[in-house]
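Per chain, numbering begins at 1; letters A, B, ... match sequence-line order.
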There are 2 protein chains.
Amino acid sequence: MAMGRPREFDVDKALDLALQVFWRKGYEGASMADLTETMGITKPSLYSAFGNKEELFRKALDRYVDGPGGYFQVALAKPTARAVVEHLLYESAAAVTDPNHPPGCLAVQGALSCGDAAESIKQELMSRRAKGEQDLRQRFERAIAEGDLPEGSDAADLAAYVSAILQGMAVQAAGGTTREQLRRIAEMALRTWPPGLASV
Amino acid sequence: MAMGRPREFDVDKALDLALQVFWRKGYEGASMADLTETMGITKPSLYSAFGNKEELFRKALDRYVDGPGGYFQVALAKPTARAVVEHLLYESAAAVTDPNHPPGCLAVQGALSCGDAAESIKQELMSRRAKGEQDLRQRFERAIAEGDLPEGSDAADLAAYVSAILQGMAVQAAGGTTREQLRRIAEMALRTWPPGLASV
DNA sequence: CTAGTTTCCTACCAATCGTTAGATAAGTGA
DNA sequence: TCACTTATCTAACGATTGGTAGGAAACTAG
């Protein structure tokens, strides 16, 4: 059977470029003109290859999670809860200030608040963040079971606490904070890890 | 001299309604149609009373800082560094989950990332966040001078740390986290406050 | 009552939004 | 070479964006 005209651009390269645009401008702030211009392709090519703007964002998001955001899954595989948190905090500080990428975290600033048209993207990012926090909670549950965290620790609370610090660091990075400053924040959080049990 | 036709709507009420829209949808996500509809006025009335979209946002932001975000300045006036941080964390947990308002914090989610047209608003929010962190730093410097915080503490680092936790809580709230969960995050942060000196 | 001032609303502006029709070009299999 | 398939492009689509003209309406000062 016929194979048709071959594509003249690299889909993965184009997706990486789209990711940069979404990362820097957010889902709403990135226009199709922005995207096609930096991707180096025309709009029909984009639609043919990626569906529409929303599908393009979702594919870019997948690529983000497996690429620049991959440190999260790596951290979960560390042998101790402390090593997990250390890796999370330091690698996050590095990732959100990587000069090769826009500052901040796509999962946080991609669509933190938005108009009606982007609502489903906002939901997607919310559930991704929630998923990350849940994965962390399960990792802490395991740590508690292994005696790696104090008995009586609340894995869900610890996961929410670490997630909040990570997301806060992402906001700081979006505001121009330096990598060194974020590392000091990470140090301070680690200095008191784990934050001890509630005195109920 | 002649006084002209009196305005038929309450400017402050309209501004409060605009604030709700910006808070929920962000600067970019809030369209003029959204704004005029919920404000209950027509576009020419809005432009006549507030200038343009950008000025309207800035005025709504001022109103936010003096209203729902007023807990920040209140916290800075507390007598001890610990009281400052306690007030900040607990009042922030309450504010970003107040059922009478959209979830989260306008200064964080108003324009965390955006297109070119909203760049100046993004900058404005960045500098407001930086200003808040700086105010907190100065408050901690005073606390150090008063012996209220351990000698050798780094006020700037402590301010960045607390700011990150507050901003992280705002992101969590935007993601639907409950007030109770945020209070537990605040508790954990307070349990280890101040985070101790670096062991350099 | 009139002149002057200001707000009101309808209708519209140009520009941009995301998206697509339709024609042409470039490849494969027979 | 010919039919088939797929990618390419120009040019446009209707809808929505932020923002305004221009006139009627409502007030005050004289």
Side-chain angles (χ1 to χ4, degrees), chain A residues 1-15 17-18 21-22 24-61 110-111 113-122 124, chain B residues 1-15 17-18 21-22 24-61 110-111 113-122 124:
Chain A
M1 65 177 68
M3 295 281 289
R5 177 173 177 172
R7 188 164 272 133
E8 294 181 359
F9 63 94
D10 184 325
V11 174
D12 287 337
K13 286 281 182 191
L15 198 50
L17 292 168
V21 177
F22 282 129
R24 183 153 33 89
K25 300 196 170 185
Y27 176 74
E28 269 183 342
S31 70
M32 296 304 293
D34 288 330
L35 290 163
T36 54
E37 190 177 350
T38 62
M39 293 167 85
I41 62 178
T42 62
K43 284 194 268 189
S45 293
L46 188 155
Y47 276 85
S48 164
F50 302 103
N52 58 16
K53 188 184 182 184
E54 188 167 329
E55 287 184 45
L56 175 62
F57 181 87
R58 294 190 134 92
K59 283 163 181 154
L61 178 58
S113 63
C114 59
D116 302 327
E119 191 66 25
S120 75
I121 294 297
K122 174 180 148 194
E124 169 80 27
Chain B
M1 66 177 67
M3 294 281 289
R5 178 173 176 171
R7 189 165 270 132
E8 294 178 1
F9 64 94
D10 184 324
V11 173
D12 287 338
K13 286 282 182 191
L15 198 50
L17 291 167
V21 178
F22 281 129
R24 183 152 32 89
K25 300 194 170 187
Y27 176 74
E28 269 183 342
S31 70
M32 296 305 294
D34 288 330
L35 291 162
T36 54
E37 189 177 351
T38 63
M39 294 166 86
I41 62 178
T42 61
K43 278 194 279 185
S45 292
L46 189 154
Y47 276 85
S48 163
F50 302 104
N52 58 15
K53 189 185 181 184
E54 189 166 327
E55 287 183 44
L56 175 63
F57 181 86
R58 294 189 135 92
K59 283 164 181 152
L61 178 58
S113 62
C114 59
D116 301 328
E119 191 64 27
S120 74
I121 294 296
K122 176 180 148 196
E124 168 82 28

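- A:M3 has its CE atom 14 Å from the P atom of D:dT8, to the nearest Å.
- In this structure, the separation between CG on B:L15 and CG on B:L46 is 9.5 Å, given to the nearest 0.5 Å.
- Spacing between atom NZ of A:K25 and atom C1' of C:dG18 amounts to 16 Å, rounded to whole angstrom units.
- Nearer the 5' end of DNA chain D, as judged by each residue's closest nucleotide, is the contact made by B:K53, out of B:P6 and B:K53.
- Side-chain N/O atoms of A:R7 include one lying less than 4.0 angstrom from OP1 or OP2 on D:dA7.
- The CZ atom of B:F9 sits 16 Å away from the C1' atom of D:dA25 (whole-angstrom rounding).
- Counting distance only, with no hydrogens placed and no angle test, the side-chain atoms of B:R5 and the base atoms of C:dT6 include no donor-acceptor pair under 3.5 Å.
- A salt bridge is defined here as a Lys NZ or Arg NE, NH1 or NH2 lying under 4.0 Å from an Asp or Glu carboxylate O, and B:R58 with B:E55 fails to meet this definition.
- Side-chain atoms of B:R7 and B:S48, non-hydrogen and from C-beta on, do get closer than 4.5 Å to each other.
- Residues of residues 30-49 of chain A having a heavy atom closer than 4.0 Å to DNA chain C, listed by number: A:A30, A:S31, A:M32, A:K43, A:P44, A:Y47.
- Judged by distance alone, with hydrogens and angles left aside, the side-chain atoms of B:T36 form a donor-acceptor pair with the main-chain N or O of B:M32 at under 3.5 Å.
- One atom, CG of A:D116, and another, P of D:dA15, lie 18 Å apart when rounded to the nearest Å.
- With DNA chain D read from its 5' end, the first of the two nearest nucleotides for B:E8 and B:E54 is the one closest to B:E54.
- Between A:Y27 and A:F22, the ring planes are parallel. Angles under 30° get that label, and only those over 60° would be called perpendicular.
- Side chain of A:K53 to backbone of A:A30: a donor-acceptor contact under 3.5 angstrom is found.
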